[in-house]
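Computed from a predicted model, the values in this text were never measured in an experiment. All chains are named by letter (A, B, ...) in the order of the sequence lines, taking the proteins before the strands, and each is independently numbered beginning at 1.
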Amino acid sequence: MRILVPVKRVIDYNVKARVKADGSGVDLANVKMSMNPFDEIAVEEAIRLKEKGVAEEVIAVSIGVKQAAETLRTALAMGADRAILVTATDDVQQDIEPLAVAKILAAVAKAEGTELVIAGKQAIDNDMNATGQMLAALLGWAQATFASKLEIDGGKAKVTREVDGGLQTIAVALPAVVTADLRLNEPRYASLPNIMKAKKKPLEEKTAADYGVDVAPRLEVVSVREPEGRKAGIKVGSVDELVGKLKEAGVI
Amino acid sequence: MFDQRTDEYQDIRDAVRALCAEFPDEYHRKIDEARAYPAEFVDALTRAGWMAALIPEAYGGSGLGLTEASVIMEEINRSGGNSGACHGQMYVINTLIKHGSEAQKQHYLPRIATGEWRLQSMAVTEPTTGSDTTKIKTVAVKKGDRWVINGQKVWISRVLHSDLIIVLARTTPVEQCRKPSEGMSIFIVDAKAAQANGQLVVKPIPNMVNHETNELFFDNLEVPEENLIGTEGQGFKHLLSGLNAERVLIAAECIGDGYWFTDRVVKYVNERVVFGRPIGQNQGVQFPIAEAFIEVEAANLMRFKAAALYDADQPCGAEANMAKYLAAKSSWEAANACIQFHGGFGFANEYDVERKFRETRLYQVAPISTNMILGYVGQHVLGMPKSY
Ligand SMILES: Cc1cc2nc3c(=O)[nH]c(=O)nc-3n(C[C@H](O)[C@H](O)[C@H](O)COP(=O)(O)OP(=O)(O)OC[C@H]3O[C@@H](n4cnc5c(N)ncnc54)[C@H](O)[C@@H]3O)c2cc1C
Ligand SMILES: Cc1cc2nc3c(=O)[nH]c(=O)nc-3n(C[C@H](O)[C@H](O)[C@H](O)COP(=O)(O)OP(=O)(O)OC[C@H]3O[C@@H](n4cnc5c(N)ncnc54)[C@H](O)[C@@H]3O)c2cc1C
């Protein structure tokens with residue numbers, strides 16, 4: 001089985017995001033970028049399936065600016081076998097929308113003869129939570145989102161999903177799209193020998209045009225604002241005073 | 001913000017940081033309090049290949065340059081750890097890589113790369129000669145196919161956590177040499193076997209930092225002739241080339257410490273409110289921190305310059321020493337600012353500031369004292385008479 005893992009280059013989760021002065025989005029110029037943390041979990045899961053002998057090959061794919069090659073090298077250092085970089089824009093500020101990404105992924109999945117796609121459940125930059133679902137729809141494959149456990153058995157994937165109020169276990173027929181939730185696994189860190197090996201692994205370069213996909217935005221961002229700063233609190237002396245203050249504030 | 005910068009070594013930085021993140025402040029604090037060896041931490045670094053970075057690929061390492069090795073050391077210290085527990089391997093291995101015979105390299109390097117053996121101790125300093133290395137009194141005399149070593153060393157680190165150590169001994173009396181720096185040789189010694197048969201006695205020295213460091217006594221220590229590294233009589237010269245690497249790596253560790261101190265203190269002074277405002281709003285607090293940061297940044301440039309020269313096989317003695325000088329000085333400035341502006345809390349163990357403060361202070365004295373660097377620059381760079 002061949003597993004495709006889409007990985008997105010996003011603003012590093014440690015970085016304090018700053019909104020651009022014109023309110024058009026988060027400033028990404030000269031900011032540390034890393035692999036979307038949910039995608040790291042997806043890569044880890046795919047590698048584990050390979051280590052168990054369930055999969056033969058793990059292919060990482062990234063769609064965006066050419067700098068996403070660094071993100072792919074991270075996936076290769078973790079253990080992916082090869083990578084495909086699909087350059088879709090030169091502008092580091094442009095976010096390629098889920099539908100365009102899903103269309104490109106569908107084309108890659110078909111071209112590579114993939115039976116399983118493991119993606120992150122969402123990207124931490126735009127929090128869309130849409131690409132995996134759209135991809136499954138475009139391919140006409142089964143989907144299992146928010147996975148916290150994944151087992152492959154014969155032609156089926158048994159997936160435990162984190163749903164509101166508990167866990168749901170479903171079986172889906174392969175080929176399928178699975179999206180990884182936080183508790184699926186704990187991704188490994190790359191070892192030095194694997195970082196060195198990753199530099200020599202194949203990284204194929206494509207463009208969105210190679211797949212005939214138009215990546216022009218279809219959504220309009222009206223404005224982006226920083227969250228409001230937290231206001232100072234007050235200390236209260238008793239439960240009665242607390243209740244009084246809450247009433248005053250009109251919340252109870 | 002500066003801590004969001006990236007450079008071409010980001011893959012190494014990210015991976016070392018991820019590993020170090022599994023060993024939080026508390027781990028290092030407890031190890032320090034118990035004066036224990038951070039074996040799990042060093043094992044994890046070894047397993048992930050970091051301690052074999054400098055070993056050529058043909059011998060099971062990754063064949064990286066000194067620049068990359070220095071980034072590894074920097075990240076360990078920047079993450080709150082102390083490279084002192086393991087940096088010995090990085091320094092010492094260079095001597096073997098550069099001057100060892102093919103047979104020696106085949107024998108030792110692959111086993112060191114896997115972590116089966118540790119070579120992280122180098123015995124140079126002696127109690128009665130100190131910084132004046134060419135006067136060492138430890139002697140090695142050839143008897144048949146063996147060398148027999150007698151003498152005493154002091155401050156020799158990590159011996160109890162090394163399988164192999166490198167020993168500098170005089171093999172020709174200084175009066176018979178053209179120059180005092182000649183007539184010394186280096187030997188690779190099986191430390192475990194030598195201790196077992198009583199030819200090597202190791203006495204730990206309780207000290208200010210959690211640094212396993214010892215007095216060594218050689219009592220007719222027998223070493224097979226094939227354990228001499230490089231050319232007989234040229235040992236000091238062989239060591240010196242390794243010492244330039246050591247200077248650069250120490251500089252990088254100090255730089256890692258420096259950024260650790262500025263990171264911590266900036267966070268603290270932004271949060272700590274007395275006199276009705278964050279203490280970081282006072283110039284009396286802000287300026288010394290900014291000053292220390294600027295000095296760390298400048299030292300960082302000299303570190304990269306020295307490392308690049310070393311990696312290009314160019315002479316780098318001056319740059320390596322100056323990088324070590326600047327870095328040790330700047331991390332000490334940063335340490336002082338950090339402890340000062342933590343007020344009383346800087347003295348509480350649970351803030352880790354006092355621990356890092358002690359650790360970084362060492363680098364003004366060891367492995368080379370700041371004064372010796374000034375003497376070197378005065379003489380070799382500026383052309384003043386030799387003062388030492
Ligand atoms: C924790 C620790 C670990 C160590 N690990 C090792 C190790 O693994 N292997 C090893 O071989 N050594 C090791 N050392 C020894 C270290 O390299 C020496 O301490 C250092 O070289 C200084 O030598 P000394 O202590 O004899 O000081 P001295 O040479 O006695 O010097 C004392 C002071 O006088 C100053 N001084 C001396 N001569 C002059 C001069 N001519 N001009 C101006 N000032 C001068 C020095 O700068 C220094 O500040 C370690 C030391 C410590 C503290
Ligand atoms: C070992 C030890 C024993 C002690 N024993 C006692 C004791 O017996 N009894 C007791 O009452 N206290 C004791 N103390 C507390 C000590 O007096 C305080 O630590 C000290 O007064 C500093 O207060 P702080 O720690 O809250 O630092 P902070 O007030 O938070 O100050 C932190 C740093 O910011 C600087 N700073 C703060 N405001 C300004 C400003 N406006 N302009 C410029 N710089 C500023 C300070 O100079 C300091 O360097 C002890 C402390 C220690 C470490």
Side-chain angles (χ1 to χ4, degrees), chain A residues 7 9-18 26-37 39-41 43-44 60 65 67-80 83 92 125 185-201 203 229-230 232-233 235, chain B residues 1-23 43-65 68-69 71-73 75-76 78-79 89-90 110 113-115 263 266-267 270-271 273 276-278:
Chain A
V7 297
R9 176 182 157 91
V10 298
I11 188 165
D12 187 89
Y13 73 98
N14 283 311
V15 170
K16 191 177 174 298
R18 273 163 217 276
V26 170
D27 192 356
L28 296 180
N30 302 316
V31 166
K32 185 178 179 213
M33 305 292 282
S34 302
M35 190 192 300
N36 177 37
D39 301 348
E40 282 184 18
I41 298 172
V43 173
E44 176 67 34
V65 286
Q67 291 88 331
E70 293 163 18
T71 316
L72 288 168
R73 290 282 171 217
T74 307
L76 294 170
M78 288 175 72
V92 294
D125 52 358
N185 60 49
E186 242 185 74
R188 70 195 64 191
Y189 42 78
S191 70
L192 178 55
N194 287 341
I195 291 175
M196 302 302 288
K197 274 187 218 147
K199 293 185 202 287
K200 294 175 192 152
K201 288 183 180 174
L203 192 154
R230 238 181 99 181
K235 273 191 184 158
Chain B
M1 286 284 130
F2 92 95
D3 59 340
Q4 296 169 6
R5 291 186 304 204
T6 59
D7 64 11
E8 59 192 291
Y9 308 105
Q10 200 55 47
D11 48 353
I12 293 179
R13 292 184 189 279
D14 283 345
V16 177
R17 276 179 207 175
L19 187 155
C20 290
E22 304 211 329
F23 297 88
D43 285 348
L45 287 166
T46 307
R47 269 199 309 278
W50 298 110
M51 301 321 299
L54 288 170
I55 298 179
E57 282 181 292
Y59 303 100
S62 289
L64 291 177
E68 289 88 350
V71 170
I72 298 169
M73 298 285 108
E75 288 299 331
I76 291 173
R78 189 173 178 173
S79 300
Q89 181 137 313
M90 291 280 200
T114 61
D263 279 351
V266 165
K267 187 160 178 293
N270 280 334
E271 286 166 3
V273 176
R277 53 184 178 167

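- Summarising the geometry of B/Gly49 relative to A/Pro193, their closest heavy-atom pair is CA-CD, 3.8 Å, with the distance given to 0.1 Å.
- In this structure, B/Arg13 CZ and A/Lys32 NZ are separated by 10.0 Å, a value rounded to the nearest 0.5 Å.
- Between A/Tyr189 and B/Ala18 the shortest heavy-atom distance is CB-CB, 3.6 Å.
- Counting non-hydrogen atoms of other residues, nucleotides and ligands closer than 6.0 Å to CD of B/Glu271 gives a total above 12.
- Within 6.0 Å of CG on B/Asp7 lie more than 12 heavy atoms contributed by other residues, nucleotides or ligands.
- For B/Glu68, no part lies under 4.5 angstrom from a heavy atom of chain A.
- Atom CG in A/Leu192 sits 12.0 Å away from atom OG1 in B/Thr46 (nearest 0.5 Å).
- Put simply, the side chain of A/Asp12 does not reach to within 4.5 Å of the side chain of B/Thr6, judged on heavy atoms.
- In terms of non-hydrogen atom pairs under 4.5 Å with chain A, the most contact-rich of B/Leu45, B/Ile12, B/Asp14 is B/Asp14.
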